[in-house]
There are 2 protein chains.
Amino acid sequence: MSITIKDIANAAGVSDSTVSKALRDSPLVQDKTKSNILKIAHEFGYQPNVVARSLVSKKTNTVGVVWPTIERATPSALITIITEELEKHSYSTLLAINKVTSSIETFSQFQVDAILIFNDQKNEINHRAVLRSNVPTLCYGIANQSPYPTVDVNRRLAIQMAVQHLISIGHTNIAYIGDLSKNDPMQEEKVIGFMQEMKKNGILRFENMVETNGLDQYDGYLAMKSVLKQEVLPTAIISGSYDLTKGIMKAISETKLRVPKDLSIIGYDIVPKRDLRDLEISIVGVPLPKIKDKVVETLLKITGNQVIDLAIKLEPELRITNSCASPRT
Amino acid sequence: MSITIKDIANAAGVSDSTVSKALRDSPLVQDKTKSNILKIAHEFGYQPNVVARSLVSKKTNTVGVVWPTIERATPSALITIITEELEKHSYSTLLAINKVTSSIETFSQFQVDAILIFNDQKNEINHRAVLRSNVPTLCYGIANQSPYPTVDVNRRLAIQMAVQHLISIGHTNIAYIGDLSKNDPMQEEKVIGFMQEMKKNGILRFENMVETNGLDQYDGYLAMKSVLKQEVLPTAIISGSYDLTKGIMKAISETKLRVPKDLSIIGYDIVPKRDLRDLEISIVGVPLPKIKDKVVETLLKITGNQVIDLAIKLEPELRITNSCASPRT
DNA sequence: ATGAAAGCGCTAACAG
DNA sequence: CTGTTAGCGCTTTCAT
């Protein structure tokens, strides 16, 4: 049996409610009494029973994160900083990795104050079940796919911006290296952005779309190796992810080609970790901290039942460095 | 406000407790009444309030997993299957990625029935805080480092077994490719196993220990590349992880060397995914499902406050395939 | 400033 | 078989 408010009340010789007040730092308790109670509570190793508390207060100060695809490493950096930020606002974060519907159920039963769904798969979410759960819910993924608010990094636009820039400085043979499968809607958005923009300019060729097996460095390395075997090399590369970019750079470094003289590079990137220091690669995307801020801000809003827009789109930034140059003629 | 047991009682014209019993499928309720209540509950979209329930039953049917190093991909496969298994036993699983102590606190406040700590770092865990939390706790990591039970995969022995085998078939120049840093006690165990066994046989040389940057394919690829530059090549390689092995194989495939004719390989491996089909690599380690079973079994035991051993060591298996042969003389 | 009492939603005796 | 009662640990009026 663990320590309850009663045990402390007994030890301090006061009533339960006084202890409750003292613990919540109410001004209705004398300082002396308060500090005495606090001391005893600490001695006893008292831990408030959230379960009992929330039964009356209807608040748990906890947000639940639904993360069905734990084995994909990409979003974990985001989750980590979101958790840190929420902690600053004195919210705890709990993760669930079951199927979306059953995770929601668990969180709803635990009376979390808000739910964040990482929707990085073509999940068949039972939206009715989610809505019925009665817990304010936010999505991270593609907007307008669900009946609840979604924070959406505009990946399509990001890649379009990259293409536009490369075209504007004269490139016509641009390759996209990334995940071309249709399993992950976020990756798909990038591909669509690339294809649209290339088609619009009438320069999309079959060889320009380079499939990778995954999103790791190694995948980028292998993909770039295959590109290097093409008869006519592209003059510019857009990479679908930070890790891919690292592998791509490695593959290039094993040839006599030089960036940006022979090849311009822009990487899609929202990750802050930067160990491409040797050569600053041009990047496009929304910086992670910006996403984190928006997500947490929105989460905090919805816990207060504030009504917010369904689609919260974050606009990407294009940061061009000396990894880009006009093609040699 | 959500639907409570009372609302259903009202609608069905029975008492709260009858509804409670019906919902828990008690035999003490007439079938007719029961089905009527169930029907109404379903119509209303009733969701039991676990918070209230556990306040009286002292059970949440939930286990909390403390996982402070979410960004390292390795253990996620384990967590995934543990979660699945627990679900079969009608337990929900919640993850926390904060610091160990504060995660424990959260779980303790939520009254989870058991806690599983993934201790894959040199964490400074405040053991007293954990013990005080009063929640049965299990560790996954290195045994005898904490005052609570630990499921420990005997990594040291695993690597020793691999070395022994290679020596037994005539190898004397054996390299270990893996994480040599001392940040992760689990990796360290493997290194110790290797060094001990090599020293015991008087064949440990400096070049035999090959450092990688991480545990990904790419790291293995790069490390093997560097090995291939050595003047005298080892005749056998022991790889520290599944992904490293993949990269190592790739690097070898780019040379004229053949496995096992020129090089024998044993990989440390507990992961079930097998896409090295083309060539079955010899492996040593404890299969993931076995770990999962032991962890879940133990978790279930401790929720019932059964007393169990502090150190639960799982013995590795060595599976030799045709990736190993005696060295050419 | 402190305590008594009521109640959050549910379960578990105990009566009927 | 069904209803009544008490109480889980905590917060929150409302008295004192």
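Residue numbering restarts at 1 for every chain, and letters A, B, ... go by the order of the sequence lines. When reading the values below, keep in mind they use all heavy atoms of this one structure, side chains included, and skip hydrogens, waters and symmetry mates.
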Taking only the side-chain heavy atoms of L28(A) (C-beta and beyond), determine which of dG9(D), dC10(C), dT2(C) contains the nearest atom.
->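 For L28(A), the side-chain atoms sit closest to dT2(C).
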Which nucleotide in the set dT2(C), dT11(C), dT2(D) lies at the smallest distance from any side-chain heavy atom of V29(A)?
-> dT2(C)
Verdict with reasoning, V65(A) to L94(A), per side chain to side chain contact (heavy atoms under 4.5 Å, CB included) = CA-CA 6 Å; V65(A) 176; L94(A) 253 21; over 6 Å; no
Give one of base, sugar-phosphate or nothing for [X], where a contact means two heavy atoms less than 4.0 Å apart.
{"X": "S57(B)", "answer": "nothing"}
{"X": "V14(B)", "answer": "sugar-phosphate"}
{"X": "S54(B)", "answer": "nothing"}

Please give, in whole Å, the distance from [N] [atom2] to [X] [atom1]?
{"X": "I37(A)", "N": "dG3(C)", "atom1": "CD1", "atom2": "P", "answer": "8 Å"}
{"X": "K59(A)", "N": "dC10(D)", "atom1": "NZ", "atom2": "C1'", "answer": "17 Å"}
{"X": "D16(A)", "N": "dC8(D)", "atom1": "CG", "atom2": "P", "answer": "11 Å"}
{"X": "N49(A)", "N": "dC10(D)", "atom1": "CG", "atom2": "P", "answer": "5 Å"}
{"X": "D25(B)", "N": "dC1(D)", "atom1": "CG", "atom2": "P", "answer": "13 Å"}
{"X": "Q111(A)", "N": "dG9(C)", "atom1": "CD", "atom2": "P", "answer": "9 Å"}
{"X": "Q109(B)", "N": "dC8(D)", "atom1": "CD", "atom2": "P", "answer": "20 Å"}
{"X": "R24(A)", "N": "dT12(D)", "atom1": "CZ", "atom2": "C1'", "answer": "11 Å"}

Is the side chain of D152(B) donor-acceptor paired with the backbone N or O of K313(B) at a distance under 3.5 Å, no angle test?
->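 The answer is no, because no donor-acceptor pair under 3.5 Å joins these two groups.
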Polar side-chain atom of T298(A) near backbone of K294(A) as donor-acceptor pair, under 3.5 Å | yes
Will you find, in the side chains of S17(A) and S20(A), an N or O donor that is under 3.5 Å from an N or O acceptor?
->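 Judged by distance alone, the side chains do not pair up.
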Taking the nucleotide of DNA chain D with the closest heavy atom to each, which residue, S15(B) or L55(B), is nearer the 5' end?
->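 The residue mapped nearer the 5' terminus is S15(B).
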Along DNA chain D (nearest heavy atom to each residue), the more 5'-positioned of Q30(B) and V51(A) = Q30(B)
OP1 or OP2 of [N] less than 4.0 angstrom from a side-chain nitrogen or oxygen of [X], does that happen here?
{"X": "R53(A)", "N": "dG9(D)", "result": "no"}
{"X": "Y46(B)", "N": "dG9(C)", "result": "no"}
{"X": "T18(B)", "N": "dG3(D)", "result": "yes"}
{"X": "K34(A)", "N": "dA1(C)", "result": "no"}
{"X": "K58(B)", "N": "dG9(D)", "result": "yes"}

Report yes if a donor N or O on one partner sits less than 3.5 Å from an acceptor N or O on the other, where the partners are the side chain of S17(A) and the base of dA4(C); otherwise report no.
->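 Flag set: donor-acceptor pair detected.
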Is the base of dG3(D) touched by the side chain of K21(B) through a donor-acceptor pair closer than 3.5 angstrom?
->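 Looking at the base of dG3(D), it does pair with a donor or acceptor on the side chain of K21(B) (distance under 3.5 Å).
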Please list, chain by chain and in numerical order, all residues satisfying ring pair (Phe, Tyr, Trp, His ring centres under 6.0 Å) with Y91(A), sequence neighbours excluded.
-> none
Rounded distance [0.5 Å steps], CD1 in I81(A) versus CD1 in I79(A) = 10.5 Å
